[in-house]
Amino acid sequence: MLATAAVAAMAMAMPNEADACTRVNYHGADSTYVIARCLDWKTPIPTNLYVYPRGVEKESSDQPGAIKWKSKYGAVYAVGYDGGITEGMNEKGLVVNGLFCKGTVYSNPDTEGRPPMSLAMFVGWLLDLNATTDECVEVLQKHDFNIGGATFDGGTVSALHWGITDASGKSVIVEFDNGVIRIHDMGDYYAMTNDPQWPSMTAILDYWNAVGGTDMLPGTVRSSDRCTRANFFAHHVEATADADLAVNIARSVLVNSCVPYTYLIQGEPNVSSTQWRSYADIKHRRYFFDIVTNFGIYYIDLQKCDLKAGAPIMKLDTTKETKLMGEANHAMKKSPGFTPMY
């Protein structure tokens with residue numbers, strides 16, 4: 001208890017992050033799982049939705065020795081700046097979300113000679129070729145690539161970790177620790193945020209679980225506080241099999257850990273506010289998108305998309321479609337695809 005209390009105290013002393021994202025795993029009834037996440041940043045990150053069919057040839061980088069593959073599964077991607085896949089869900093119900101993690105170090109001398117893997121394509125590579133969390137873990141444990149990527153937003157380095165969940169509800173967190181991949185089974189934890197890295201975060205969550213969230217929960221926008229609130233409420237809401245209700249419950253849990261839009265802290269000019277949220281209904285293969293400055297929430301129904309090899313790539317331009325609500329398959333247009341920011 002003393003050790004976990006010390007970790008919690010250290011987390012309370014951490015400055016407010018500029019990369020305040022939250023991911024919630026909602027466990028419903030009858031194999032109902034919803035992955036809810038928010039993307040928080042100091043400025044808007046233009047993010048469009050793409051649906052890619054099976055059989056599309058891709059590569060991990062524009063550098064020599066890049067990995068090349070042909071997609072086995074169709075998927076919906078959220079693509080930031082029209083240049084990099086932030087997250088997505090494939091037709092098998094595999095969901096991968098990238099969140100900032102300042103402690104991330106991707107490379108070391110041992111990885112430098114391995115095939116290059118751009119962060120812009122990493123999520124797509126996992127979604128295109130894998131159906132389950134275990135398959136992703138097996139691929140990642142080989143670590144036969146060297147990951148890196150372009151900076152964005154004036155030189156910001158994309159230091160990330162990833163949450164992965166499949167149709168069975170199995171979830172892991174993938175982190176890079178000085179070039180070494182660490183894969184953590186989430187077990188009975190239902191939320192992740194940013195820093196600290198997962199082993200230290202679980203100590204904080206265990207501390208607050210012992211305190212008891214019914215009487216007291218931390219309320220700031222710090223990463224550890226947001227993770228604590230999300231984890232507590234995700235464990236204490238109704239487990240429903242109703243698809244629409246499940247998404248709305250997951251949404252309500254997530255919003256409780258979001259940062260209000262335009263929120264600022266004196267002396268912390270880079271504190272982040274929530275720009276958009278997504279909800280992946282794994283069982284029904286519906287991917288919801290919720291831009292905070294829009295009035296409506298809409299979704300792509302993957303089960304209604306043409307994912308056969310040779311089908312066109314489809315794009316939903318979120319800057320043009322600002323008044324959508326409900327199913328938005330009709331708003332997608334044929335597209336050549338996005339151009340990766342390698």
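In what follows, every heavy atom counts, from backbone to side chain, and hydrogens, waters and symmetry copies are set aside.
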Distance-only, no hydrogens or angles: does the S224 side chain make a donor-acceptor pair with backbone N or O of M201 under 3.5 Å?
-> no
Would H161 and W198 count as a side-chain contact (heavy atoms from CB on, under 4.5 Å) if you check the C-alpha gap in whole Å, the side-chain angles of each, and the deciding distance to 0.1 Å?
-> CA-CA 10 Å; H161 59 173; W198 190 242; 5.8 Å; no
Decide whether T318 and N48 meet the rule of one side-chain donor and one side-chain acceptor closer than 3.5 Å.
-> yes
Could you go step by step and tell me if D225 and T220 meet the side chain to side chain donor-acceptor pair (under 3.5 Å) rule?
-> CA-CA 6 Å; D225 287 6; T220 78; 2.5 Å; yes
Compare every heavy atom of P44 with every heavy atom of P46, then report the nearest pair and how far apart it is.
-> CD-O, 3.5 Å
Ignoring hydrogens and geometry, is there a side-chain-to-backbone donor-acceptor pair from R285 to L302 under 3.5 Å?
-> no
Is a donor on one side and an acceptor on the other found under 3.5 Å between the side chain of E91 and the backbone of Y73?
-> no
How far does CZ of F233 sit from OH of Y190, to the nearest 0.5 angstrom?
-> 16.0 Å
May I ask you to check whether E175 and T104 show a side-chain donor-acceptor distance below 3.5 Å?
-> no
Look at the side chain of N194 and the backbone N and O of F100, then say whether any donor-acceptor pair between them is shorter than 3.5 Å.
-> yes
Look at atom NZ of K92 and say whether more than 12 heavy atoms of other residues, nucleotides or ligands are closer to it than 6.0 Å.
-> no
Taking N146 as the fixed residue, which of D110, T111, N108 is the one that meets the side-chain hydrogen bond (donor to acceptor under 3.5 Å, both in side chains) rule?
-> T111
Could you grab the distance from atom OG of S31 to atom NZ of K283, nearest 0.5 Å is fine?
-> 6.0 Å
Decide whether L324 and V292 are clustered together by the hydrophobic rule: side chain heavy atoms of Ile, Leu, Val, Met, Phe, Trp, Tyr closer than 4.5 Å, transitively.
-> no
Judged by atom type as modelled, is there a donor-acceptor pair below 3.5 Å linking the side chain of D242 to the main-chain atoms of L245?
-> yes
Do any N or O atoms from the side chain of R229 and from the backbone of P218 form a donor-acceptor pair under 3.5 angstrom?
-> yes
Do the ring planes of Y279 and F288 sit parallel (below 30°), tilted (30 to 60°) or perpendicular (above 60°)?
-> perpendicular
Working to the nearest 0.5 Å, report the span between CD1 of I164 and NZ of K170.
-> 11.0 Å
For P116, does its backbone N or O pair with a side-chain atom of S60 as donor and acceptor, under 3.5 Å?
-> yes
Y52 vs F338 aromatic rings, parallel, tilted or perpendicular, using cut-offs 30° and 60°?
-> perpendicular
Taking atom OH of Y77 and atom CD1 of I313, what is their separation to the nearest 0.5 Å?
-> 9.0 Å
What distance separates N329 CG from M314 CE, expressed to the nearest 0.5 Å?
-> 8.5 Å
Does K308 offer a backbone N or O that forms a donor-acceptor pair with the side chain of D306 under 3.5 Å?
-> yes
Kindly indicate whether the side chain of I291, heavy atoms from C-beta on, has any atom under 4.5 Å from the side chain of Q275.
-> no
For residues S257 and A230, report the shortest heavy-atom separation together with the two atoms involved.
-> OG-N, 3.3 Å
Mind running side-chain contact (heavy atoms from CB on, under 4.5 Å) on T228 and I204 for me, showing each step along the way?
-> CA-CA 8 Å; T228 296; I204 296 169; 4.2 Å; yes
Can you name the closest pair of heavy atoms from N130 and C136 and give their distance?
-> CB-SG, 3.7 Å
Measure the shortest side-chain to side-chain distance between W69 and W125 over non-hydrogen atoms and say whether it is less than 4.5 angstrom.
-> yes
Between D244 and R286, does at least one N-O distance fall below 4.0 Å, as a salt bridge requires?
-> yes
Is any side-chain heavy atom of S61 closer than 4.5 Å to a side-chain heavy atom of M117?
-> no
Picking from T47, D290, N294, what satisfies side-chain hydrogen bond (donor to acceptor under 3.5 Å, both in side chains) with W276?
-> T47
Distance-only side-chain donor-acceptor flag, Y189 / N209, under 3.5 Å = no
Does the separation of the ring centres of H143 and F176 fall below 6.0 angstrom?
-> yes
Give the minimum heavy-atom separation between W162 and V96, together with the two atoms involved.
-> CD1-CG1, 4.1 Å
Steps toward side-chain contact (heavy atoms from CB on, under 4.5 Å) verdict (Y299, E327) = CA-CA 5 Å; Y299 65 91; E327 185 185 314; 3.5 Å; yes
Please round to the nearest 0.5 Å and tell me the distance separating atom CE of M192 and atom CZ of R37.
-> 9.0 Å
Answer yes when K58 and D128 have at least one side-chain N-carboxylate O distance shorter than 4.0 Å, and no when they do not.
-> yes
Going by distance alone, is a donor N or O of one side chain under 3.5 Å from an acceptor N or O of the other, for D166 and S168?
-> yes
Do any N or O atoms from the side chain of E57 and from the backbone of K70 form a donor-acceptor pair under 3.5 angstrom?
-> no
Does a donor on one side chain sit under 3.5 Å from an acceptor on the other, for R226 and T22?
-> yes
Same cluster (ILVMFWY, side-chain, under 4.5 Å), I85 and Y106 | yes
Is there side-chain contact between D177 and V105, with at least one heavy-atom pair below 4.5 Å?
-> no
So if you build clusters from Ile, Leu, Val, Met, Phe, Trp, Tyr with side-chain heavy-atom gaps below 4.5 Å, do V24 and V237 land together?
-> yes
Heavy-atom neighbours of E138 CD exceed 12 at 6.0 Å | no
If every non-hydrogen atom of M89 is compared with every non-hydrogen atom of L127, which pair is closest and at what distance?
-> N-CD1, 3.9 Å
Tell me, with the steps shown, if Y81 and I45 meet side-chain contact (heavy atoms from CB on, under 4.5 Å).
-> CA-CA 7 Å; Y81 299 103; I45 294 181; 3.6 Å; yes
Would a 4.5 Å heavy-atom cut-off, applied to side chains only, mark T274 and Y261 as touching?
-> no
State yes or no: do V247 and L49 share one hydrophobic cluster built from I, L, V, M, F, W and Y residues joined by side-chain heavy-atom distances below 4.5 Å, directly or via other members?
-> no
Distance-only polar pair, side chains of N25 and S171, donor-acceptor under 3.5 Å | yes
Evaluate the ring planes of Y298 and F289, with Trp represented by its six-membered ring, and classify them as parallel (under 30°), tilted (30 to 60°) or perpendicular (over 60°).
-> tilted
I would like to know whether D317 and T319 meet side chain to side chain donor-acceptor pair (under 3.5 Å); could you show each step before the answer?
-> CA-CA 6 Å; D317 189 331; T319 64; 2.5 Å; yes
Does M186 reach the side chain of I173, with side-chain heavy atoms less than 4.5 Å apart?
-> yes
Please report the shortest heavy-atom distance between R277 and C38, naming the atom on each side.
-> CG-CB, 4.0 Å
Are R114 and F145 in a cation-pi contact, defined as NZ or CZ under 6.0 Å from the six-membered ring centre and within 45° of the axis?
-> no
Between the side chain of T165 and the main-chain N/O of V95, is any donor-acceptor distance below 3.5 Å?
-> no
Beyond-backbone contact of E135 with L129, side-chain heavy atoms, under 4.5 angstrom | no
Report the C-alpha separation of D195 and R222 in whole Å, then their side-chain angles, then the decisive distance to 0.1 Å, and conclude whether the salt bridge (Lys or Arg N to Asp or Glu O under 4.0 Å) test is met.
-> CA-CA 9 Å; D195 295 279; R222 293 184 179 93; over 6 Å; no
Y50 versus M332: any side-chain heavy-atom pair under 4.5 Å?
-> no
